[in-house]
Amino acid sequence: MAEANWYVVHTYSGYENKVKANIEKTIENRHLEDQILEVRVPMQDVIEVKNGAKKQVQKKMFPGYVLLNMVMNDDTWYVVRNTRGVTGFVGPGSKPVPLTEEEMMPLGVGRVEMEVDFEEGDSVTVTGGVWKDTVGVIQAMNHGKQTATINVELFGRETPVEISFTEIKKM
């Protein structure tokens with residue numbers, strides 16, 4: 001059997017969740033569970049301020065797009081392409097282009113769990129990026145995003161900065 005890859009489908013704006021539901025219903029009806037593995041509308045947490053009150057809400061990362069983990073063949077292409085609200089696959093002409101591992105990493109898909117030898121309260125040195133060679137103390141760790149929030153001194157003040165696990169070395 002062919003390998004499943006992630007593909008991007010363009011939808012009418014605001015129809016992302018309807019498209020997701022329609023594709024999932026079609027998968028169930030046509031028994032395509034082994035060919036179309038996952039349908040996603042990537043969301044992110046955003047803090048909105050309305051009337052002076054902060055509120056955490058979820059917003060679509062890519063309005064107008066839906067991600068699909070699927071085995072590309074004539075049947076799956078037809079099912080997805082002819083779903084109400086889908087305008088087409090992302091790619092040249094009618095040939096969908098799969099996303100690469102690097103493109104999927106920021107979305108937290110296909111990520112391998114990383115074991116780290118540091119924890120909150122440890123002093124670390126930043127090994128890459130704009131904060132390279134900066135020393136800081138880990139204040140919080142997000143294992144899902146594989147990031148740590150460290151305090152660095154900026155203009156004489158302690159400032160929290162989010163750094164990827166790959167850019168940190170324990171002192």
Side-chain angles (χ1 to χ4, degrees), residues 1-51 53-116 126 128-131 140-150 160-168:
M1 187 168 113
E3 185 180 334
N5 289 305
W6 284 94
Y7 295 90
V8 181
V9 175
H10 190 262
T11 68
Y12 294 125
S13 187
Y15 278 71
E16 300 88 355
N17 291 327
K18 285 182 185 172
V19 166
K20 179 181 190 259
N22 288 341
I23 291 173
E24 287 173 342
K25 189 67 140 174
T26 305
I27 291 168
E28 189 179 315
N29 292 341
R30 294 193 181 200
H31 304 291
L32 296 172
E33 293 90 351
D34 59 334
Q35 294 179 11
I36 303 176
L37 308 174
E38 189 176 351
V39 184
R40 266 197 192 183
V41 178
M43 305 291 271
Q44 65 183 349
D45 291 327
V46 177
I47 295 176
E48 285 185 348
V49 179
K50 285 189 179 177
N51 300 329
K54 289 184 182 180
K55 183 179 173 186
Q56 187 168 347
V57 295
Q58 286 211 316
K59 293 236 179 191
K60 293 178 183 85
M61 287 176 90
F62 309 109
Y65 295 95
V66 174
L67 301 177
L68 291 143
N69 188 11
M70 61 188 267
V71 176
M72 183 58 69
N73 58 38
D74 291 342
D75 292 337
T76 57
W77 182 90
Y78 181 84
V79 164
V80 173
R81 182 64 186 87
N82 291 296
T83 299
R84 182 182 302 251
V86 172
T87 60
F89 280 94
V90 172
S94 63
K95 181 160 175 35
V97 177
L99 293 174
T100 63
E101 284 272 329
E102 292 78 32
E103 291 169 325
M104 292 306 295
M105 284 293 199
L107 305 176
V109 177
R111 180 171 285 199
V112 178
E113 273 301 311
M114 184 183 287
E115 290 289 323
V116 292
V126 180
V130 294
W131 297 100
M141 293 179 61
N142 183 332
H143 290 278
K145 287 174 52 182
Q146 296 186 353
T147 60
T149 302
I150 65 170
V161 177
E162 191 174 70
I163 305 286
S164 169
F165 284 174
T166 59
E167 295 179 347
I168 300 174

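Fair warning: this is a prediction, and the values are worked out from it, not measured in the lab.
Residue Arg30 holds its CZ atom at 9.5 Å from CD1 of Ile36, rounded to the nearest 0.5 Å. In this structure, CD1 in Ile47 is found 6.5 Å from NZ in Lys54, a value given to the nearest 0.5 Å. With rounding to the nearest 0.5 Å, the separation of CH2 in Trp77 from NZ in Lys95 is 12.0 Å. Note: Ile168 CD1 to Met141 CE = 7.5 Å, rounded to the nearest 0.5 Å.
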>> With side chain to side chain contact (heavy atoms under 4.5 Å, CB included) as the criterion, how do Val80 and Val9 come out once you've worked through the C-alpha distance, each side chain's angles and the decisive distance to 0.1 Å?
In response: CA-CA 8 Å; Val80 173; Val9 175; 3.7 Å; yes
> After noting the C-alpha distance and the side-chain angles of Gln44 and Lys60, does the key distance pass the side chain to side chain contact (heavy atoms under 4.5 Å, CB included) rule?
Replying inline: CA-CA 6 Å; Gln44 65 183 349; Lys60 293 178 183 85; over 6 Å; no
>> Between Val126 and Ile150, does the side chain to side chain contact (heavy atoms under 4.5 Å, CB included) criterion hold? Intermediate values first, please.
In response: CA-CA 10 Å; Val126 180; Ile150 65 170; 3.7 Å; yes
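Residues Arg40 and Glu38 are in side-chain contact: their nearest non-hydrogen atoms beyond the backbone lie under 4.5 Å apart. Between Leu68 and Ile23 there is a side-chain heavy-atom pair separated by less than 4.5 Å. Between Val8 and Leu99, the closest side-chain pair of non-hydrogen atoms falls below 4.5 Å. A heavy-atom distance below 4.5 Å is found between the side chains of Val90 and Tyr65. Annotation: side chain of Pro92 is in contact with side chain of Val97 (closest heavy-atom distance under 4.5 Å). Residues Leu32 and Val79 form a side-chain contact, since some pair of their non-hydrogen atoms from C-beta on lies under 4.5 Å apart. Counting heavy atoms from C-beta on, the side chains of Val39 and Ile27 come closer than 4.5 Å.
Under a 3.5 Å cut-off, the side chain of Thr100 and the backbone N or O of Glu103 do form a donor-acceptor pair. Between the side chain of Thr83 and the backbone N or O of Asn22 there is no donor-acceptor pair closer than 3.5 Å. Listed for the Glu16 side chain is a donor-acceptor partner under 3.5 Å among the backbone atoms of Gly64.
For Asn82, the CG atom counts as densely surrounded, since its 6.0 Å shell holds more than 12 non-hydrogen atoms of other residues, nucleotides or ligands.
Residues meeting the side-chain contact (heavy atoms from CB on, under 4.5 Å) test with Tyr7, sequence neighbours left out: Asn5, Met70, Met72, Phe89, Pro96, Pro98.
Scanning both residues, Leu67 and Pro42, for their nearest heavy atoms gives CD1-CG, 3.4 Å.
A donor atom on one side chain and an acceptor atom on the other are found under 3.5 Å apart for Thr76 and Asn73.
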